[in-house]
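Below is one structure; the comments refer to it alone.
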Amino acid sequence: MKDPLGLALAAGFSHAGLLDPKKLRALPEVREMCASGRCRRYDRSWSCPPACCTLEEAEKNMHRYRRGVLVQTTAQLEDDFDVESMQAAEARHKAGFLTLAEVFRTEMPDCLPLGAGSCTLCEVCTYPDEPCRHPGRMLPSMEAYGILVSEACTLAGLHYYYGPRTLTYSSCILYS
Ligand code: SF4
């Protein structure tokens, strides 16, 4: 991929940075957060634990890659309860990341896109009764791979938090 940062910024992301996938860690604490059911996707999607991978598999998989790009969408909120802007930014981020992931996957089918939150390609995930409908387009989350998102942002030279009345969504793509 020639200019991943330029590509990301042209796609409308607020910030983008490069990271070294070999420095990413799959942390049990993050997996525990998933298991606590906070986002209610644990054991409910092929893209989430326990179906997506073990932590050992996740770390091994991430460390196969030589390059990574992390992209962010930052929402400006009117106040701390501005749910409308939060949801709009999340939808914008997910749609933009799906498009970016398709561009990377076309050029490098072996790349690993890791999104913000569980895969939402289908209205209802087939898990666990039927196989994933789109295994080649499915988007596991950074958290599903045990990544502490704030740590990945630091690795990419970016902030995790951009100040009061902002909310930032982050995703990354690993490739070689
Ligand atoms: S692509 Fe569809 S079936 Fe596959 S993980 Fe995503 S939501 Fe589930």
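Values in this document were obtained by computation on a predicted structure and should not be read as measured data. One-based numbering, in listed order, for ligands and for the atoms of each. In what follows, every heavy atom counts, from backbone to side chain, and hydrogens, waters and symmetry copies are set aside.
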**Message:** Looking at atom 6 (Fe) of ligand 1, is there an N, O or S atom belonging to His134 that lies under 2.8 Å away from it?
**Reply:** no
**Request:** State, without any angle test, whether Tyr175 and Glu107 hold a side-chain donor-acceptor pair at a distance under 3.5 Å.
**Result:**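 Glu107 and Tyr175 do not have a side-chain donor-acceptor pair below 3.5 Å.
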Please identify which atoms of ligand 1 are closer than 4.0 Å to at least one heavy atom of [X].
X: Cys122; result: 1 (S), 2 (Fe), 3 (S), 7 (S)
X: Met138; result: 5 (S)
X: Trp46; result: 5 (S)
X: Arg133; result: 3 (S), 4 (Fe)
X: Thr126; result: 3 (S)

**Pairing of Arg64 and Asp110 as salt bridge, 4.0 angstrom limit** =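 A salt bridge is present here (some side-chain N lies under 4.0 Å from a carboxylate O).
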**Glu78 with Arg165: basic N within carboxylate O range, under 4.0 Å** =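 No, Glu78 and Arg165 are not salt-bridged.
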**Asked** What are the two closest heavy atoms between Ser85 and Leu77, and how far apart are they?
**Response**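 Result for this residue pair: CB-CD2, 3.8 Å.
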**Prompt:** So which protein heavy atom does atom 8 (Fe) of ligand 1 come closest to, and at what separation?
**Reply:**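 Closest protein heavy atom to atom 8 (Fe) of ligand 1: Cys125 SG, 2.4 Å.
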**Request:** For atom 6 (Fe) of ligand 1, find the nearest protein heavy atom and state the residue, atom name and distance (0.1 Å precision).
**Result:**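 Result: Cys119 SG, 2.4 Å.
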**Item:** Identified side chain to side chain contact (heavy atoms under 4.5 Å, CB included) partner of Arg41 from the options Cys119, Ser118, Ser141
**Value:** Ser118
**Request:** Report the relative orientation of the aromatic rings in Tyr162 and His15; use parallel for angles under 30°, tilted for 30 to 60°, perpendicular for over 60°.
**Result:** parallel
**Prompt:** With a cut-off of 6.0 Å (strictly less than), are more than 12 heavy atoms of other residues, nucleotides or ligands near NZ of Lys23?
**Reply:** no
**Item:** Contact check: Cys132 to atom 2 (Fe) of ligand 1, N/O/S below 2.8 Å
**Value:**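 So Cys132 does not count as coordinating atom 2 (Fe) of ligand 1.
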